[in-house]
Asker: 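One structure, as C-alpha cells, below. Some questions next.
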Amino acid sequence: MQTKRTIFPNRVLPYFLLLPQLAVTLVFFIWPALQAVKSSFEREDPFGFRTTFIWLDNYTRLFAEAGYINSLSRTAVFAVLVTLLSMSLSLILAVAVNRVLRTNRIYTTLLVWPYAVAPVVVGILWWFIFNPTIGILPYMMRSVGIAWNPRVNGDHAMILVIVAASWKQISYNFLFFVAGLQSVPQSLTEAAAIDGAGPFKRFWTIVFPLLSPTTFFLLIVNINYAMFDTFGIIDATTSGGPNQATNVLVYKVYADGFLGLNIGSSAAQSVILMLIVIALTAIQFRFIERRVQY
Amino acid sequence: MVENRPWLAFFTHLVLIVGVVIVVFPVYLAFVASTHTGADFLRGLVPLLPGLHMIENYSKMLFDGISTAGAPPLWRMMLNSTAIAVIIAIGKIVISLLSAYAIVFFKFPFRLFAFWIIFITLMLPVEVRIIPTFAVVANLGLLNSYVGLTLPLIASATATFLFRQFFLTVPDELMEAARVDGAGPMKFFRDILLPLSRTNIAALFVILFIYGWVQYLWPLLVTTDSRYYTVVMGIKRLAATADAEPQWHLVMAAAVLAMLPPVLVVIFMQRLFVKGLVETEK
C-alpha cells in the first residue's frame, strides 16, 4: 500500500486518529454484517425464544422458493433496463452539451439537480404522474386505447419503477459523461474532421471508444444504484406489487425481515446481497487501480 | 467546434431542450398540483397550469401538517432533516480526515489491517444489512434519537478514500519542511493539511449533506416518535393517506418542500458539487 517517503515517528497517535472511524465501523458495520452471516445459518421460532443452528437450510430453502427466483429475475430486468435507459439518455445529453459551448453551463445546471431529489420523493412524483385515477400519463394512454393501471398490471408497475429510477439517475451519469467527454483530446477529433469524418462517424470511431473507461465505471455504479438505492422508489410506488412484480431483492430483504419477521431467510438474503455488492466493488476497484497506472 | 453545421447545432439544442423538459416535467407537475385545492382533482385529471392556492397549501403544510395523518408540521421535519444532514456530513468528514491522516502519514503495526476494515465497508449500503444494524441500534437504546439516526450512517468509508487519495498527492517536501521547523504531527495537520484540503472538504460537504437529507429507510425504522421524523420519511406517511382522501395538493406541496433545500444546494454549489462527485467516485 502506498505511503509517504517521510512519516511521523509517533507510535500511539495514529491509533487515536483511527479510533473514531474504527469504532463506528466496527459497531455499526462489521458487527451487524457478522450478525447477518450468523443468523443466516439459524432459525428462530416465531416468538423469538429459541434459535437453532441449521447450516445452509435458509439458503437452500431460499433458492427452492419461487418467490426468490422471481425476485432475482425481476431485479436483473430492473437493473439492466434502468442502467441502459439512464445511461443512453444521459450520453446523448452529454454529447449535446459538449457541442454547445456558450450555453452549456445553463443546460448543465438544468440537468443536474435531480441528483439531489430523494428516491422516495422521485417515487411519489412518478406515482402521481402514473396514478390511474388522476395521473396525466394514464389519461393520455386511455385516449389511445390503453388501459393503464400499474396497480393491477405487473408490467405497468415495472415500467413505472424503471422510468422513475432512470429519471433520477440521468443527472449523475450525465455529469460523468460530460467529464469524460471533456478529457477527449480536441486534436484527435480535429484531425479526423480534416480527414473528412463527419460528426457521427467521429463519435463512433474516436470519442466513444475513448469514453469506454467512463462507460464501464458508470455501468457498475448504475447496477449498484438500481439494486440498492431504489428502495425508496419501490416503497413509495408499488411496495413490491402487484403480485410480486416489482419485488426486487433489496425490497424483499426488508419485507421478509421487517414485515414478515422471517429473520433467518432475510439474513440469508442480506448475505447474498452483500456478496453481490462486494463483487461489484471488487470489479470497480480493479478497474480503477488499472486506470491510475495509465 | 470543428466545423459549422447549422442543422446539427439546431438538432443539438433540440435534444437538450427535450432533455430539460423530461427532467423538469415531474417537478413542474408537482408544483402545479400543489397550487390547487383538493377539489380540483376530483374531476379526474390534474390541471396543467398553476392555481391560486399556493400560499394557502404551503403554509398549511409548513405550520399545521395533515392532522389526520398524525404527522407533525413540516417545518419541524425540515429542521430535523437539516440537523441530521449536517451532523452526518460533519461527522463523516471529521472521522475520515483523521483516519486518512493516520493511514497516509504514519507507519504502525496493523495499518494494513485498519485500512482493510475501512475498505470492506466501502459501498456496502445500510439497506443490505438493515436488520442486524437495527438490532444493534435498538440494543444500545438509540431508537428515536439523533445519535441513532446519524451514527450508523456516518460509518462508511467513501470520504476516507477521497482524503487518502488527496493526501497522497501532497508533496513530501511540505512535511519535511514542517518537521525541520519543529512542527508536531497535529500542528502539521491543523496548519498545513487542513487548509490545503479546504476545497475537498467543501465539495464533500455538499455531497454528504444531500446523502443525509435523502435518507429514507433508516429514519423510517429508527423513529417511531414523530418528534424525530425527517421530511423525506414523513412525506411517505402523508402519501399513504392521500389516496384514501384526495389530498394530493398537500402531498405535492410537501414533496416540493422536501426537495427544495438539497436541490438549491446543488444549484448554488454546482462547481464544488461536481468537483466532489467526480473525485469521490474516481
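Quick note on labels: first sequence line is chain A, next is B, and so on, each numbered from 1. Atoms considered below: every heavy atom in the structure, side chains included; atoms not considered: hydrogens, waters and symmetry mates.
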Asker: Side chain, backbone, both or neither: which part of B:Val170 has a non-hydrogen atom closer than 4.5 Å to chain A?
Answerer: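 Both parts, heavy atoms under 4.5 Å.
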
Asker: Given that the side chain runs from C-beta out, which part of B:Ala183 has a heavy atom under 4.5 Å from chain A: side chain, backbone, both or neither?
Answerer: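 It is the backbone, since no side chain atom gets that close.
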
Asker: Which residue out of A:Trp126, A:Phe128, A:Tyr251 racks up the most heavy-atom pairs below 4.5 Å with chain B?
Answerer: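 When all of A:Trp126, A:Phe128, A:Tyr251 are compared, A:Phe128 has the most.
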
Asker: Taking the side chain as every heavy atom from C-beta outward, state whether B:Leu8 and A:Pro199 have any pair of such atoms under 4.5 Å apart.
Answerer: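 Yes; the side chains approach each other to less than 4.5 Å.
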
Asker: Are the side chains of B:Gln270 and A:Thr109 in contact, using a 4.5 Å heavy-atom criterion?
Answerer: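 Of all side-chain heavy-atom pairs linking B:Gln270 with A:Thr109, at least one is under 4.5 Å.
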
Asker: Checking side chain to side chain contact (heavy atoms under 4.5 Å, CB included) between A:Tyr107 and each of B:Ile17, B:Thr12, B:Val15, which is the one that passes?
Answerer: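 One option only clears the test, and that one is B:Ile17.
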
Asker: Measure the spacing between CZ of B:Phe31 and CG of A:Leu125 and express it to the nearest 0.5 Å.
Answerer: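 Output value for this atom pair is 14.0 Å.
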
Asker: Checking heavy atoms, do the side chain of A:Leu13, its backbone, both or neither come under 4.5 Å from chain B?
Answerer: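 For A:Leu13, the contact with chain B is made by the side chain alone.
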
Asker: Checking heavy atoms, do the side chain of B:Phe11, its backbone, both or neither come under 4.5 Å from chain A?
Answerer: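 Neither part; nothing is under 4.5 Å.
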
Asker: For B:Leu14, is it the side chain, the backbone, both, or neither that has a heavy atom closer than 4.5 Å to a heavy atom of chain A?
Answerer: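 Contact with chain A: none, neither part.
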
Asker: Does any backbone or side-chain atom of B:Met252 lie under 4.5 Å from a heavy atom of chain A? Answer side chain, backbone, both or neither.
Answerer: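 Contact with chain A is through the side chain of B:Met252 alone.
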
Asker: Chain A heavy atoms under 4.5 Å from B:Pro261: which part of the residue, side chain, backbone, both or neither?
Answerer: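 Neither part, no heavy atoms under 4.5 Å.
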
Asker: Between B:Val266 and chain A, with a heavy-atom cut-off of 4.5 Å, which part of the residue counts as in contact: side chain, backbone, both or neither?
Answerer: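 B:Val266 touches chain A through side-chain heavy atoms alone.
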
Asker: Let me know if B:Phe189 has heavy atoms under 4.5 Å from chain A in its side chain, its backbone, both or neither.
Answerer: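 When you check distances to chain A, no heavy atom of B:Phe189 falls under 4.5 Å.
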
Asker: Nearest 0.5 Å please: distance from the CD1 atom of B:Ile103 over to the CG atom of A:Leu17.
Answerer: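 Separation between the atoms: 10.5 Å.
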
Asker: So which heavy atom on A:Ser266 is nearest to which on B:Ile131, and how close?
Answerer: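 Distance-wise, the nearest heavy atoms are OG-CD1, 3.2 Å.
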
Asker: Side chain, backbone, both or neither: which part of B:Val136 has an atom under 4.5 Å from a heavy atom of chain A?
Answerer: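 The side chain, not the backbone.
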
Asker: Please look at A:Ile272 and chain B and tell me whether the side chain, the backbone, both or neither of the residue comes under 4.5 angstrom of a heavy atom of that chain.
Answerer: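 For A:Ile272, no heavy atom lies under 4.5 Å from chain B.
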
Asker: Please determine, among A:Asp229, A:Asp235, A:Val122, the option with the most heavy-atom pairs under 4.5 Å with chain B.
Answerer: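 Top count of heavy-atom pairs under 4.5 Å with chain B: A:Asp235.
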
Asker: Do the two ring centres, one from B:Phe110 and one from A:Tyr15, sit under 6.0 Å apart?
Answerer: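 Centroid distance B:Phe110-A:Tyr15: not below 6.0 Å, so no.
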
Asker: Can you check whether A:Leu22 reaches B:Ile118 side chain to side chain, under 4.5 Å on heavy atoms?
Answerer: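 Sidechains of B:Ile118 and A:Leu22: in contact.
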
Asker: Chain A heavy atoms under 4.5 Å from B:Tyr211: which part of the residue, side chain, backbone, both or neither?
Answerer: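 No part of it gets close to chain A.
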
Asker: Do A:Tyr254 and B:Leu220 have side-chain heavy atoms sitting under 4.5 Å apart?
Answerer: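 Yes, close enough: below the 4.5 Å cut-off.
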
Asker: What residue, out of B:Ile154, B:Leu264, B:Val263, has the most heavy-atom pairs lying under 4.5 Å from chain A?
Answerer: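 Option with the top pair count is B:Val263.
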
Asker: Taking side chain as everything from C-beta outward and backbone as N, CA, C, O, which of these in B:Ile210 sits under 4.5 Å from a heavy atom of chain A? Side chain, backbone, both or neither.
Answerer: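 For B:Ile210, side-chain heavy atoms alone lie under 4.5 Å from chain A.
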
Asker: Measure from the side-chain N and O atoms of B:Arg129 to the backbone N and O of A:Phe28, and report whether any donor-acceptor pair falls under 3.5 Å.
Answerer: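 Looks like yes, one N/O pair under 3.5 Å.
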
Asker: Donor-acceptor pair, A:Trp167 side chain versus B:Val23 backbone, under 3.5 Å?
Answerer: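 Here the side-chain-to-backbone pair exists.
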
Asker: Could you pull out all residues at least two apart from A:Trp31 that satisfy ring-ring contact (aromatic ring centres under 6.0 Å, His included)?
Answerer: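 By the ring-ring contact (aromatic ring centres under 6.0 Å, His included) rule, A:Trp31 matches no residue at all.
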
Asker: Would you mind checking which part of B:Leu221 comes under 4.5 Å of any heavy atom in chain A, side chain (CB onward), backbone (N, CA, C, O), both or neither?
Answerer: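 For B:Leu221, the side chain is the part near chain A, not the backbone.
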
